[in-house]
Number of protein chains: 2
Amino acid sequence: MSAVPTEPRYQRRKEDRPKEIAEAAFEVFAEKGYAAARVDEVAKRAGVSKGLTYLYFKTKEELFKAVIRGVVVRRIDSLIDEVDSTELTAEAFLRGPMVAFMQRIPGSRISIVLRLLIAEGHRHPDLLEYYYENVVGRGLAMLRRFLERGIETGEFRRTAVNDMPQLIVAPMLLSAIWKMVFVKRSLDTDRLIEAHMDMILEHIKA
Amino acid sequence: MSAVPTEPRYQRRKEDRPKEIAEAAFEVFAEKGYAAARVDEVAKRAGVSKGLTYLYFKTKEELFKAVIRGVVVRRIDSLIDEVDSTELTAEAFLRGPMVAFMQRIPGSRISIVLRLLIAEGHRHPDLLEYYYENVVGRGLAMLRRFLERGIETGEFRRTAVNDMPQLIVAPMLLSAIWKMVFVKRSLDTDRLIEAHMDMILEHIKA
DNA sequence: CACCTTAATGACTCAATGGTCAGTAAAGTG
DNA sequence: CACTTTACTGACCATTGAGTCATTAAGGTG
């Protein structure tokens, strides 16, 4: 009655733990929102004690911020790079990579971040700042540059869209929200976004 | 040392109390969201004890639902009536009353309801149902009818917008959200909505 | 003005939850 | 294998906040 090699009660995995906890936290925040999310549940999903969560993240709020920032929208970066190096005509770029990008947003993690920011943003102004600086602002600036270039090459004419590139992405926003809110009322968001792009192009082409 | 007529500690106002409490609740929910809102604070703002709140509303959740439903969007009704009785050409109607309506949404109470529904909707499916049935669904149906009529009179041609009238209101949604989220980053939402309507019309006119 | 109904209060309960920390044991290290 | 370090646990605490209810008194009624 001895030497039964009891398996260890836990493993020490300093490296991976923060990621795992953040991942679990993302899920819980996504489902419940910030206020209704329970740190205990985050820990449970990460397969970890609540105490450990507090070893890696000082407070619930810090965990939240880390999680939101963690969805580091590299996608925007790659799109921006693509814009600046593409060989396509402006129109082809909009119809191709740009539309594809916009179609990917609804249903993605970014939508969820979006929802969280809409819901709780004003209580975390630094998060909003971060998100505007790194995503929204840069995205819009990129669109403006792109349109400007289109005008220089004679493809586009100058319209109100130049000042308000939000006009280009509005249906993407609507699609993202629609899919999250009216889950059951289906909406062909791909088609919506494409149709809108047709309209935009018709409007801005020289 | 007597007969000092002590003023009553409270007044009984059975009629008005529910409204006042609901009004206060709307404020608090608007600021904090559902989960972070405190019934105590609602009572305080309504100038009432917490107990009274529970006399008129069984639970916090019921209070929430009552409040959301309370923003009974009669505005949509009056717009629908207007659509059906207007003497204007379809184009004039879109440029006039329709744009005016859309411009009023950002900054209005409806935006706030919208935010609350985006944030907490999936945990109150009956609320979503209600809101879709009474606002979103009816609004979209109205737009579809309107466009159809425009086609019949020869003003409009048939386009993707007929199937997806969401295309018409997307910038309104963006505007509403932008104003709530990026309070400091100003955006001329009136102009945005108008410019978008120009584009729509250019696209759908026969 | 005595009496009654009930609107309104506010002190209370109890479960839940963010956060702490003393202790445990996993994985080195020499 | 003894010794050390520290990742990790889990029991614990203090607080908060939804919901209750015995009590009070406003205001009507006869």
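The chains referred to below are lettered A, B, ... by the order of the sequence lines, with proteins before strands, and numbering in each begins at 1.
- Map Asp40(A) and Leu52(A) each onto its nearest nucleotide of DNA chain C; the residue landing nearer the 5' end is Asp40(A).
- Remark: P of dG10(D) and OH of Tyr54(A) are 17 Å apart, rounded to the nearest angstrom.
- If you check distances only, the side chain of Lys50(A) does reach the base of dG19(C) with a donor-acceptor pair under 3.5 Å.
- Asp188(B) and Met164(A) make their closest contact through O-SD, 4.2 Å (heavy atoms, listed as atom of the first residue, atom of the second, distance).
- Protein atom CD1 of Ile21(A) is 9 Å distant from nucleotide atom P of dT9(D), rounded to whole Å.
- At least one side-chain nitrogen or oxygen of Tyr56(B) sits closer than 4.0 Å to the OP1 or OP2 atom of dA8(C).
- Heavy-atom nearest nucleotides on DNA chain D were determined for Arg12(B) and for Ala37(B), and the one closer to the 5' end corresponds to Ala37(B).
- Nucleotide dT5(C) holds its P atom 17 Å from the CG atom of Leu55(B), rounded to whole Å.
- Under 4.0 Å is where a charged nitrogen must lie from a carboxylate oxygen, and between Arg144(B) and Asp163(B) no such pair does.
- Residue-to-nucleotide proximity on DNA chain D shows that, of Gly47(A) and Arg13(B), the 5′-proximal contact is made by Gly47(A).
- Within 4.0 Å of Phe57(A), counting heavy atoms only, lies no atom of the nucleic acid at all.
- A salt bridge links Glu133(A) to Arg185(B): at least one charged side-chain nitrogen sits closer than 4.0 Å to a carboxylate oxygen.
- For the pair Glu15(B) CD and dA8(C) C1', the computed distance is 15 Å after rounding to whole Å.
- For Ser49(B), the side-chain atoms get nearest to dG10(C) when compared with the rest of dG10(C), dA26(C), dG18(C).
- Residues Arg17(B) and Ala36(A) both approach DNA chain C. Their nearest nucleotides, taken by heavy-atom distance, put Arg17(B) toward the 5′ side.
- Atom CD of Glu41(B) is separated from atom P of dG17(D) by 10 Å (rounded to the nearest Å).
- Under the 3.5 Å distance criterion, the side-chain polar atoms of Glu120(A) are matched with a main-chain donor or acceptor of Tyr34(A).
- The separation between Lys44(B) atom NZ and dG17(D) atom C1' is 12 Å, rounded to whole Å.
- Taking atom NZ of residue Lys60(A) and atom P of nucleotide dT17(C), one finds them 9 Å apart after rounding to whole Å.
- When the C1' atom of dT17(C) is taken as reference, atom NZ of Lys32(A) falls 13 Å away, rounded to whole Å.
- Taking only side-chain nitrogens and oxygens, Tyr10(A) never comes nearer than 4.0 Å to OP1 or OP2 of dA26(C).
- A distance of 6.0 Å or more separates the ring centres of Phe57(A) and Phe64(A).
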